[in-house]
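No hydrogens, no waters, no symmetry mates; every other heavy atom, side chains included, goes into these values. Numbers here are sequence positions counted from 1.
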Amino acid sequence: MSEETRSETYAELASVGPYGVRPGHALITMVEPHPGHEYAYNRWYEDDHYYAGAMAMPWMYAGRRWVATRELQDLRVPEKSAVARPVTAGCYLSTYWITEGRYDDHMKWTVGINKRLNRDARVHQERTHVFTAFQDHEATVYRDGAAGPRDFHALDHPYAGLILQVIDSEGPEERAELLERLRTRDLPRRLAGSPAAMVTLFRPTPLPGDRMTYVKQVEGVDTRLTLLWFLERDPRECWTDHFADLETLGGAGDGGPGRVELVAPFIPTVPGTDRYVDQLR
């Protein structure tokens, strides 16, 4: 393909299809660098992969990295998690928004670029994907209604912390019931007066068959919800008063159809630095 033809193709692609700002889809990926490789992993991800493997791709328009120090890892529940084994696994979290309606377009590119990056030895192998899934947006619940940042601002707004929460249900019908309960009842009640400004809710989608072999297929496609709580305060400062009992949210003990499999607090990384790397173990 000539350079002129390629340029014309880009112009043609940009002229058709959805191009709104809603985060219709997300990539949520929690990773554990292997012991002894924490600094190397952080520098590879910050200096190369965050850009070449994510932000430079079409329709992925916002991203942010988060870190769980050992102190934050020790706050996680439940002790026996279906997501993280052990529950402290996965000290780095990356979150990305993808334009609504552009998931298929993005996936074609991401599979191709990651094959190329792997072929060119630009993939750090000393890491384990603990929880990696592309997800479809289901709802966003706001503490302050129409005031404040929207969900499409969330990865650029300087939030002081984030909580990743994963809730499983028995089946698709139970998940629909859980989603409605969370959206209309449980989350508005929990958010009122709390340091959390919003919660975004997603459901996982299966990864393509030609995904990279080091990323396992997504579990819970029909039964799972993923919640991201965006906090205006460091979770370590407000955990006991506001979030220590999130393990009960939507679960049988609270009269709900769900089962909480992970509650994991994070704080934002500081791009271009190795801050917090010495606090992971």
| Side-chain (S81) to main-chain (A84) donor-acceptor, under 3.5 angstrom | yes
| task | Look at the side chain of T110 and the backbone N and O of M107, then say whether any donor-acceptor pair between them is shorter than 3.5 Å. | result | no
| said: When you group the ILVMFWY residues by side-chain heavy-atom contacts below 4.5 Å and let the links chain together, are V111 and L13 in the same group? | reply: no
| Minimum-distance pair of heavy atoms, taken over all atoms of L249 and I167 | O-CD1, 3.8 Å
| query | Is the backbone of Y10 close enough, under 3.5 Å, to the side chain of E12 for a donor and an acceptor to pair up by distance? | reply | no
| said: Please determine whether side-chain hydrogen bond (donor to acceptor under 3.5 Å, both in side chains) holds for the pair W66 and T95, giving the CA-CA distance in whole Å, both sets of side-chain angles, and the decisive distance to 0.1 Å. | reply: CA-CA 8 Å; W66 313 83; T95 51; 3.0 Å; yes
| Testing V130, V277, T29 for side-chain contact (heavy atoms from CB on, under 4.5 Å) with Y92, which one passes? | V277
| field | Taking every non-hydrogen atom, the tightest pair across L75 and P265 | value | CB-CG, 4.1 Å
| Backbone N/O of L246 and side chain of Q165: donor-acceptor pair under 3.5 Å | yes
| message | Can a donor-acceptor pair be found, under 3.5 Å and without considering hydrogens, that links the side chain of W44 to the backbone of R122? | response | yes
| field | Polar side-chain atom of H242 near backbone of A244 as donor-acceptor pair, under 3.5 Å | value | no
| task | Kindly say whether V221 contributes a backbone atom to a donor-acceptor pair with the side chain of R175 at under 3.5 angstrom? | result | yes
| message | Using a strict threshold of under 4.0 Å (side-chain N to carboxylate O), is an ion pair present between E232 and R143? | response | yes
| Name the one of E174, E170, E247 that satisfies salt bridge (charged side-chain N to carboxylate O under 4.0 Å, His left out) with R259? | E170
| query | Is the W229 ring parallel, tilted or perpendicular to the F243 ring (thresholds 30°, 60°)? | reply | perpendicular
| Where Y61 and V21 come nearest, the two heavy atoms and their spacing | OH-O, 2.5 Å
| Under 4.0 Å between a Lys/Arg side-chain N and an Asp/Glu carboxylate O for D104 and K108? | no
| In terms of the angle between their ring planes, are W97 and F230 parallel, tilted or perpendicular, with boundaries placed at 30° and 60°? | perpendicular
| Is the Lys NZ or Arg CZ of R64 less than 6.0 Å from the centre of Y50's six-membered ring, within 45° of the axis? | no
| request: Would you mind checking if E38 and R281 are paired as a salt bridge, meaning a charged N to carboxylate O distance below 4.0 Å? | output: yes
| said: side-chain hydrogen bond (donor to acceptor under 3.5 Å, both in side chains) for E32 and T128? Distances and angles first, verdict last. | reply: CA-CA 5 Å; E32 178 73 10; T128 298; over 6 Å; no
| message | Show the nearest heavy-atom pair for residues V199 and L191, with the distance to one decimal. | response | CG2-CD2, 3.9 Å
| query | Should L27 and Y51 be regarded as members of a common hydrophobic cluster, given that ILVMFWY residues are connected when their side-chain heavy atoms come within less than 4.5 Å of each other, either directly or indirectly? | reply | yes
| Does some side-chain heavy atom of R65 sit less than 4.5 Å from a side-chain heavy atom of N42? | yes
| task | Please confirm whether H37 and Y41 have ring centers closer than 6.0 angstrom. | result | no
| Do any N or O atoms from the side chain of D234 and from the backbone of R236 form a donor-acceptor pair under 3.5 angstrom? | yes
| query | Do S169 side-chain atoms and T223 backbone N/O form a donor-acceptor pair below 3.5 Å? | reply | yes
| Is it true that a side-chain atom of E126 and a backbone atom of H34 form a donor plus acceptor pair closer than 3.5 Å? | no
| message | Could you check, using the six-membered ring where one of them is a Trp, whether W59 and H106 have ring centers closer than 6.0 angstrom? | response | no
